[in-house]
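Counting convention: from 1, in listed order, for ligands and their atoms alike. FYI, the numbering just counts along the sequence from 1.
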Amino acid sequence: MTATAFSEASTSRFARIKEGDLDLQLHYNDLGEGAETVVMLHGSGPGASGWANFNRNIEPLVNAGFRVILMDCPGWSKSDTIVSEGSRSNLNAQALKGLLDVLGLERVHIIGNSMGAHSTVAFALEYPERIGKLILMGGGTGGPSAFVPQPTEGIKLIGALYRDPTIENLKKMMNVFVFDASGLTDELFQTRLDNILSRRDHLDNFVKSSTLNPKQFPDFSHRLHEISADTLLVWGREDRFVPMDTGLRLLAGLPRAQLHVFNRCGHWAQWEHAEKFNRMVLDFLTH
Ligand SMILES: O=C(O)/C=C/C(=O)/C=C/C=C(\O)C(=O)O
């Protein structure tokens with residue numbers, strides 16, 4: 001399958017999941033065929049989705065013979081909306097467990113971006129028998145930073161965009177998001193704004209959730225030693241959303257972790273350094 005052979009629309013699927021107290025319709029994209037599956041979990045920005053976060057990373061994996069599932073978390077994109085009063089990392093992990101059961105997938109590799117990385121760690125702790133290798137970018141655990149005041153400037157800008165979804169606020173957020181904002185096109189801004197405005201319910205529920213529980217992403221530092229999966233940590237040196245010392249905390253805590261830091265890179269390593277990122281991921285998954 002080549003890049004021209006698939007699109008968001010042609011790979012778009014829905015599944016009804018019932019997992020514990022969750023009874024939801026989830027949207028996902030399903031690409032490629034292969035004995036091994038890679039799940040990609042997106043971040044928590046308004047308008048994010050599996051496709052928006054990972055569209056530069058799908059093709060090399062599909063061409064290498066992996067099946068790729070992009071799950072849109074509850075409260076994002078075309079998945080059902082939800083108010084999260086507890087740990088959103090665990091909520092997403094529970095949703096993923098439900099989706100894997102519906103799809104009959106026993107064990108998967110997971111690539112998680114930011115919130116998606118927090119959710120990957122929650123999944124690995126809850127369902128260790130269901131994971132292969134893990135790739136975590138710009139996240140993996142909540143908790144304090146030794147160096148950067150929190151909330152970080154990026155997280156404050158995400159909050160402002162959720163409360164007031166204008167093109168100006170989107171640009172302010174995205175300009176801090178990546179190291180080199182010159183690659184952000186008008187088309188990208190417009191597509192993202194359209195995604196944001198198409199689901200006001202998601203925006204309202206995110207704000208409601210953050211008010212009910214400002215710590216949506218708990219600190220897993222004390223449990224990282226329980227995860228025995230091979231893990232590749234990827235960070236941007238200039239990440240202004242989730243600072244790099246979170247990556248060092250993960251490196252210290254995860255027994256089988258290695259860390260790669262891109263320079264001239266913000267919070268979107270898989271997009272900002274897509275080619276190198278894709279080569280690293282393939283090498284990590286196949287050796
Ligand atoms: O607050 C955190 O720790 C996590 C923040 C995020 O998950 C932010 C992610 C933003 C995106 O990936 C996006 O595409 O907007």
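Annotation: salt bridge (Lys or Arg N to Asp or Glu O under 4.0 Å) contacts of Arg16 (sequence neighbours excluded): Asp23. Residues satisfying the salt bridge (Lys or Arg N to Asp or Glu O under 4.0 Å) test with Lys97, not counting sequence neighbours, are Glu19, Asp101.
A salt bridge links Lys78 with Glu8: the distance from a Lys NZ or Arg NE/NH1/NH2 to an Asp or Glu carboxylate oxygen falls below 4.0 Å.
Counting the atoms of ligand 1 from 1 in the order shown, those under 4.0 Å from a heavy atom of Ile158 are 8 (C). In summary, the atoms of ligand 1 found under 4.0 Å from a heavy atom of Val242, numbered by their order in the structure, are 3 (O). Applying the 4.0 Å criterion to heavy atoms of Ile155 picks out, from ligand 1, the atoms 1 (O), 2 (C), 5 (C). Of all the atoms in ligand 1, the ones that sit under 4.0 Å from a non-hydrogen atom of Ser44 are 4 (C), 5 (C), 6 (C), 7 (O), 8 (C), 9 (C), 10 (C). The atoms of ligand 1 that sit less than 4.0 Å from any heavy atom of Asn113 are 12 (O).
At least one heavy atom of Arg192 sits under 4.0 Å from some atom of ligand 1. For His118, the heavy-atom gap to ligand 1 drops under 4.0 angstrom. Residue-ligand proximity: Phe241 is placed with every non-hydrogen atom at 4.0 Å or more from ligand 1.
Between His109 and Phe66, the angle of the ring planes goes over 60°, which puts this pair in the perpendicular group of the 30/60° scheme.
Distances between N or O atoms of Met115 and those of ligand 1 include at least one value under 3.5 Å.
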Q: Go through the steps to decide whether Met280 and His260 satisfy the test side-chain contact (heavy atoms from CB on, under 4.5 Å), and finish with yes or no.
A: CA-CA 9 Å; Met280 276 172 40; His260 181 89; 3.7 Å; yes
Q | Step-by-step salt bridge (charged side-chain N to carboxylate O under 4.0 Å, His left out) determination, Arg67 to Glu33 | A | CA-CA 5 Å; Arg67 182 176 178 185; Glu33 287 158 15; over 6 Å; no
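Atom 8 (C) of ligand 1 has its closest protein heavy atom at Ser114 OG, 3.2 Å. Looking at atom 11 (C) of ligand 1, its nearest protein heavy atom turns out to be Phe177 CZ, 3.3 Å. Summary of contacts: the protein heavy atom closest to atom 14 (O) of ligand 1 is Asn53 ND2, 2.9 Å. In this structure, the protein non-hydrogen atom closest to atom 10 (C) of ligand 1 is Gly45 N, 3.4 Å.
Under the 6.0 Å cut-off for aromatic ring centres, His202 and Trp76 do not qualify, their centroids lying 6.0 Å or more apart.
Between the side chains of Asn29 and Thr11, at least one donor N or O lies within less than 3.5 Å of an accepting N or O. When only modelled atom types and interatomic distance are considered, Thr81 and Asn205 share a side-chain donor-acceptor pair under 3.5 Å.
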